[in-house]
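The sequence lines fix the lettering, A, B, ..., with proteins before strands; numbering per chain opens at 1.
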Protein chains: 2
Amino acid sequence: MFISKTSEHALRILTYMALNYETQLSARNLFEELQIPKRYLMRLLTDLSKSGFIKAARGRNGGYVFARSLDTIYFSEIIDSVEGLLTFEGCVLGSTVCPVDKPCAMHQIWEKPKQTFLETLKSTTLADLRNGKNIRLKYSIKQIHH
Amino acid sequence: MFISKTSEHALRILTYMALNYETQLSARNLFEELQIPKRYLMRLLTDLSKSGFIKAARGRNGGYVFARSLDTIYFSEIIDSVEGLLTFEGCVLGSTVCPVDKPCAMHQIWEKPKQTFLETLKSTTLADLRNGKNIRLKYSIKQIHH
DNA sequence: ATTAAATAATACCTGTAAGTATTAATTTAT
DNA sequence: ATAAATTAATACTTACAGGTATTATTTAAT
């Protein structure tokens with residue numbers, strides 16, 4: 001399971017936009033590229049606008065561009081805004097809170113993968129997608145034609 | 001999110017049973033200890049029986065004990081039987097398959113936490129809970145009274 | 001001014017995971 | 001034999017994430 005479908009959509013939208021940072025992209029552009037259900041995609045874009053990641057230009061020739069610098073947008077913040085990070089930070093697999101003096105049976109086992117996961121989210125920004133710190137861009141960047 | 005509620009229940013059931021390996025436990029015992037909704041718990045126990053992790057003794061003084069040796073039961077197998085492991089093994093956050101020659105934008109970023117998670121699941125058995133390899137038992141074992 | 005092309009708001013629908021209810025079957029103590 | 005205590009099977013209900021539909025608003029090209 002890992003993360004919700006909606007978070008996945010949000011990440012796909014923003015990572016694609018990050019790789020085409022210079023270009024204003026419309027919902028239609030993003031739909032054609034990402035194949036996320038159109039109306040749902042549109043709603044998510046509005047949500048991402050309200051969350052302040054991107055900003056919308058309305059009307060004819062409208063579309064979306066980033067509202068903030070890419071190097072300030074951590075993956076953790078994106079997921080946090082969509083589904084919250086709390087369920088990832090808790091113990092025994094999400095929901096249960098696990099008291100420090102009486103850890104649950106899986107506490108130790110869970111600790112390492114959980115930390116690796118969270119640390120990656122909290123230390124990686126959308127800018128890292130572009131500067132190749134974590135990723136090769138070679139096959140991923142694609143030119144947008146209007 | 002990480003894993004489904006049902007997987008979480010299953011893991012809590014089996015880890016608790018593992019820590020009380022010697023004792024046959026009834027649905028009632030487990031309900032009192034784990035506070036999983038009673039009827040749902042009972043159905044999950046039947047499911048876990050059918051999956052071959054535990055075996056049921058029916059009728060008065062019935063209950064459940066393990067059907068297999070603890071050191072053969074990997075966490076990966078438990079989750080696999082409840083919700084499947086495929087969504088954890090795929091790329092971009094679960095569902096999307098990511099071609100090797102054209103990896104998605106998050107491919108590299110995701111690789112490490114995903115591997116840590118899966119390797120832990122695939123290398124840890126219920127027996128490890130008891131022998132202290134990964135966990136201190138001190139606070140977790142609890143005597144069952146009939 | 002009008003129309004076309006875009007986003008925004010709001011309400012609604014749907015499929016599925018999670019949980020509940022009912023009845024049947026099994027076993028053992030008495 | 002009967003009753004009590006358990007698991008098994010099956011069907012139903014509920015909540016919510018995910019997805020649709022409709023209408024309003026905004027902008028710019030003509």
Side-chain angles (χ1 to χ4, degrees), chain A residues 1-13 17 23-32 34-67 79 81-84 87 93-96 144 146, chain B residues 1-13 17 23-32 34-67 79 81-84 87 93-96 144 146:
Chain A
M1 187 173 271
F2 252 137
I3 67 171
S4 70
K5 198 90 180 176
T6 306
S7 288
E8 182 179 336
H9 290 333
L11 288 171
R12 290 187 66 219
I13 292 166
M17 287 185 67
T23 317
Q24 174 182 275
L25 294 165
S26 66
R28 164 189 283 249
N29 294 147
L30 291 163
F31 170 69
E32 283 162 357
L34 301 173
Q35 278 98 46
I36 295 167
K38 193 180 244 168
R39 292 172 186 280
Y40 197 44
L41 168 66
M42 291 175 75
R43 210 177 64 184
L44 293 180
L45 287 166
T46 302
D47 290 346
L48 292 172
S49 282
K50 285 184 182 165
S51 305
F53 296 113
I54 57 180
K55 58 187 172 197
R58 295 178 68 161
R60 192 163 180 161
N61 297 345
Y64 301 91
V65 294
F66 277 96
I79 293 180
S81 87
V82 176
E83 62 173 307
T87 57
L93 328 178
S95 56
T96 310
I144 296 293
H146 286 284
Chain B
M1 187 174 270
F2 252 138
I3 67 169
S4 70
K5 198 90 179 173
T6 306
S7 288
E8 183 180 334
H9 290 333
L11 288 171
R12 290 186 66 219
I13 292 167
M17 286 185 68
T23 317
Q24 174 182 274
L25 294 165
S26 67
R28 164 188 284 249
N29 293 148
L30 291 163
F31 170 68
E32 282 162 359
L34 301 173
Q35 278 98 44
I36 295 166
K38 193 179 245 168
R39 291 172 188 279
Y40 197 44
L41 169 66
M42 292 176 74
R43 208 177 64 186
L44 294 180
L45 286 166
T46 302
D47 290 347
L48 292 172
S49 282
K50 284 185 183 164
S51 305
F53 296 113
I54 57 180
K55 58 188 171 196
R58 295 178 68 162
R60 193 163 180 160
N61 298 345
Y64 300 91
V65 293
F66 277 96
I79 292 179
S81 88
V82 176
E83 62 173 307
T87 55
L93 326 179
S95 56
T96 311
I144 297 293
H146 287 284

Task: Heavy-atom closest pair, residues B/Lys38 and B/Phe31 - done: CE-CD2, 3.7 Å
Task: Heavy-atom closest contact (A/Met1 atom, B/Thr87 atom, distance) - done: N-OG1, 3.0 Å
Open item on the list: In this structure, how many angstroms lie between the C1' atom of D/dT6 and the CD atom of B/Gln24, rounded?
Closed with: 10 Å
Task: Estimated bend of the helix from C/dA1-D/dT30 to C/dT30-D/dA1 (axis per five terminal pairs, rounded to 10 degrees) - done: 10°
Open item on the list: Please report the distance, rounded to the nearest Å, between CD in B/Glu32 and P in D/dA5.
Closed with: 14 Å
Open item on the list: For a quick test of reading the model, state the closest non-hydrogen atom pair linking B/Ala27 to B/Met42 and the distance between them.
Closed with: CB-CG, 3.9 Å
Task: Least distance between heavy atoms, A/Ala67 atom then A/Gly52 atom - done: CB-O, 3.5 Å
Open item on the list: What contact category does A/Arg43 fall into here, base, sugar-phosphate, or nothing, at under 4.0 angstrom with non-hydrogen atoms?
Closed with: base
TODO: Check whether any side-chain heavy atom of A/His9 lies under 4.5 Å from a side-chain heavy atom of A/Leu41, and answer yes or no.
DONE: no
Task: Close aromatic pair by centroid cut-off 6.0 Å: A/Phe2 and B/Phe2 - done: yes
Task: Nucleotide D/dA9, atom C1' - distance to CZ of B/Arg39 in whole Å - done: 13 Å
Task: OP1 or OP2 of D/dA8 under 4.0 Å from side-chain N/O of B/Thr46 - done: yes
Open item on the list: Going by side chain to side chain contact (heavy atoms under 4.5 Å, CB included), B/Tyr64 matches just one of B/Leu45, B/Leu48, B/Leu25. Which one?
Closed with: B/Leu45
TODO: List the atom of B/Glu83, the atom of B/Ser4, and the distance in Å for their closest heavy-atom pair.
DONE: OE2-N, 3.0 Å
Open item on the list: Between C1' on D/dT20 and NE2 on A/His9, what's the gap in Å once rounded to a whole number?
Closed with: 13 Å
TODO: Kindly indicate whether the side chain of A/Ile3, heavy atoms from C-beta on, has any atom under 4.5 Å from the side chain of A/Val82.
DONE: no
- [ ] Would you check, one step at a time, whether the test side chain to side chain contact (heavy atoms under 4.5 Å, CB included) holds for B/Met17 with B/Leu30?
- [x] CA-CA 8 Å; B/Met17 286 185 68; B/Leu30 291 163; 4.0 Å; yes
Open item on the list: Are the side chains of A/Thr6 and A/Asp47 in contact, using a 4.5 Å heavy-atom criterion?
Closed with: no
Open item on the list: Any side-chain N or O of B/Tyr64 below 4.0 angstrom from OP1/OP2 of D/dA8?
Closed with: yes
Open item on the list: Using every non-hydrogen atom in the two residues, find where A/Gly62 and A/Ser26 come nearest and quote the distance to one decimal.
Closed with: O-CB, 4.0 Å
Task: Which nucleotide in D/dA8, D/dA28, D/dG18 has an atom nearest any side-chain atom of A/Arg60 - done: D/dA28
TODO: Specify the separation, in whole Å, of atom CG of B/Asp47 and atom P of D/dT10.
DONE: 13 Å
Open item on the list: Taking the nucleotide of DNA chain D with the nearest heavy atom to each, does A/Asn61 or A/Pro37 sit closer to the 5' end?
Closed with: A/Pro37
Open item on the list: Does D/dA17 have its OP1 or OP2 closer than 4.0 Å to a side-chain nitrogen or oxygen of A/Thr6?
Closed with: no
Open item on the list: Measure CE/A/Met42 against P/D/dT25 and give the value in whole Å, please.
Closed with: 16 Å
Task: Heavy-atom contact window of chain B on DNA chain C, given 5' to 3' at under 4.0 Å - done: C/dA18 to C/dA29
Open item on the list: Distance check needed: D/dG18 P versus A/Ile36 CD1, whole Å only.
Closed with: 12 Å
Task: Stretch residues 49-58 of chain A: residues that reach within less than 4.0 Å of DNA chain D through a heavy atom - done: A/Arg58
TODO: Quickly work out the B/Leu30 CG to D/dT6 P distance and round it to whole Å.
DONE: 12 Å
